[in-house]
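Below, chains carry the letters A, B, ... as their sequence lines are ordered, and counting in each starts from 1. Please read all numbers here as calculations on a predicted model, not as lab measurements.
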Amino acid sequence: MHEWALAEAVIAAATRIAEKEKLKEVKEVTIDIGELQQVERDIFQFALSQLKPVSFKNAKFQITTAKTELRCRVCEHTWLFRKQKLDENTAEAIHFVPEVAHVYIKCPKCASPDFEVTKGRGVWLESIKGAK
Amino acid sequence: MVDPRASVINERLKRIGRIIVVSSGKGGVGKSLVATTLALTLSRQGCKVGLFDLDFTSPSTHIILGAKDAQPKEEKGIVPPVVKGLAYMTLVYYSGDQATPLRGADVSNALIELLSVTQWSELDFLVVDMPPGIGDALLDLVRLVRNIEFLIVTTPSLLAFETVKKQVTLLRDVKAPIIGVVENMKMNIAKNIEQKTKKLGLRFLAEIPYDPKVEEAIGDDNKILNTAIAQKIEEICRTTIR
Ligand SMILES: Nc1ncnc2c1ncn2[C@@H]1O[C@H](COP(=O)(O)OP(=O)(O)OP(=O)(O)O)[C@@H](O)[C@H]1O
Ligand SMILES: [Mg+2]
Ligand SMILES: [Zn+2]
């Protein structure tokens, strides 16, 4: 359930932005989740709905999922992350701290662990819409 | 686009009395040993203490502590297990004892992730073990965490002290408080590091002797607390930290 902690972070950041933009009511929050972190969407949604403050009462949380793109720094090969290829413990470790992917995943072409996560690492707050 | 994680970090740390970051411009000067011994000492003195290993590429505190098989609990975040009386957090829970090749941006990301999801209990002290130098981990920590204080480790070597001077300049630029400097692995009676420390306007906390018995104490908290190092750290705790 560490989704709860991530949801808390989203609410804290969104609240701060809403205050800065002087929004009285927040109507829509768009969040992008990178596949690498394997966030459980149902739990995440539920946590958001439980944690939201009054000014978010009618807010809709739009969640999109981004494929995870990896790029090897050695041979420049790019590929997509696939959870199915990992055993349960490895997938879980990456779920908690996506950077440990560098321990368990190697470039499929040259076997280097020196790759870059170019897209789809974790949770991003994309946008907030509301009324002043 | 906003990274939401930073917004919650100080909330996660709010039940911690003091955050003491053990740091040095130089590698291999005894940061991990001092940090671990400091945490154990404060804990044996009756304080509630956490230890957080932020040296992701060369973690050592789990070996010094002899932390075996401990795993955090998942509960609205990550709850550090209690190891030898300490709330203990390390990336090793997730990386195992395998090589963890991280570049600067990855170090930053992993650090922000752990800070934003770790649920610390109420603590009097959180001791942080740092990687050497003034790199990403240090810059992120001073950027993101309120109320941190630095304890700086040097050796009698001028080479170590020179890097310490640079680190002190940086920490002063970013207005991070410095508790003082310890001189570790002391093998003679020269006072030059003490004098230079005072000249910088910093508190000289202690000389810690080179203790050849340390090696056999590694992995055993009770033996660690019986070293000459622990004796000195106990003194620092009594006179300065508590
Ligand atoms: N006072 C001391 N007496 C004897 N050995 C010591 C003493 N202090 C540290 N050591 C030994 O020196 C080595 C380096 O110590 P340690 O790993 O704590 O340094 P560090 O600054 O954390 O290194 P790094 O920069 O790699 O993180 C270890 O083998 C440790 O046991
Ligand atoms: Mg160390
Ligand atoms: Zn490659």
Counting only non-hydrogen atoms closer than 4.5 Å, does A/V100 touch chain B with its backbone (N, CA, C, O), its side chain (CB onward), both, or neither?
side chain
Part of B/L114 lying under 4.5 Å from any heavy atom of chain A
side chain
Assess the side chains of B/D53 and B/T61: does a donor N or O sit below 3.5 Å from an acceptor N or O?
yes
Interface moiety of B/E11 toward chain A, non-hydrogen atoms closer than 4.5 Å:
neither
Using a cut-off of under 4.5 Å on heavy-atom pairs, state which of B/D3, B/N109, B/V8 scores highest against chain A.
B/N109
Answer with side chain, backbone, both or neither: which region of B/S116 has an atom nearer than 4.5 Å to a non-hydrogen atom of chain A?
backbone
My understanding is that only residues two or more places apart in sequence, or in another chain, count here; which of them pass side chain to side chain donor-acceptor pair (under 3.5 Å) with B/K166?
none
Is it the side chain or the backbone of A/I43 that comes within 4.5 Å of chain B heavy atoms, both, or neither?
neither
Looking only at side-chain N and O atoms, does A/D32 offer a donor or acceptor that is under 3.5 Å from a partner on A/T64?
yes
Would you say the side-chain atoms of A/R82 and A/T68 include a donor-acceptor pair closer than 3.5 Å?
no
With only heavy atoms counted, which part of B/A99 is less than 4.5 Å from chain A, the side chain, the backbone, both or neither?
backbone
State, without any angle test, whether B/S23 and B/Q167 hold a side-chain donor-acceptor pair at a distance under 3.5 Å.
yes
For the residue pair A/Q37 / B/E113, report whether a side-chain donor-acceptor contact shorter than 3.5 Å exists.
yes
Decide salt bridge (Lys or Arg N to Asp or Glu O under 4.0 Å) for B/R143 and B/D140; before the verdict, give the C-alpha distance in whole Å, the side-chain angles of both, and the deciding distance to 0.1 Å.
CA-CA 5 Å; B/R143 177 171 70 92; B/D140 278 322; 2.8 Å; yes
Select, from B/Q98, B/R12, B/Q119, the one with the greatest count of heavy-atom pairs under 4.5 Å involving chain A.
B/R12
Between A/R16, A/R121, A/H102, A/E126, which shows the greatest number of heavy-atom pairs under 4.5 Å with chain B?
A/R121
In terms of heavy-atom pairs under 4.5 Å, which option from A/D114, A/T15, A/V117 contacts chain B the most?
A/D114
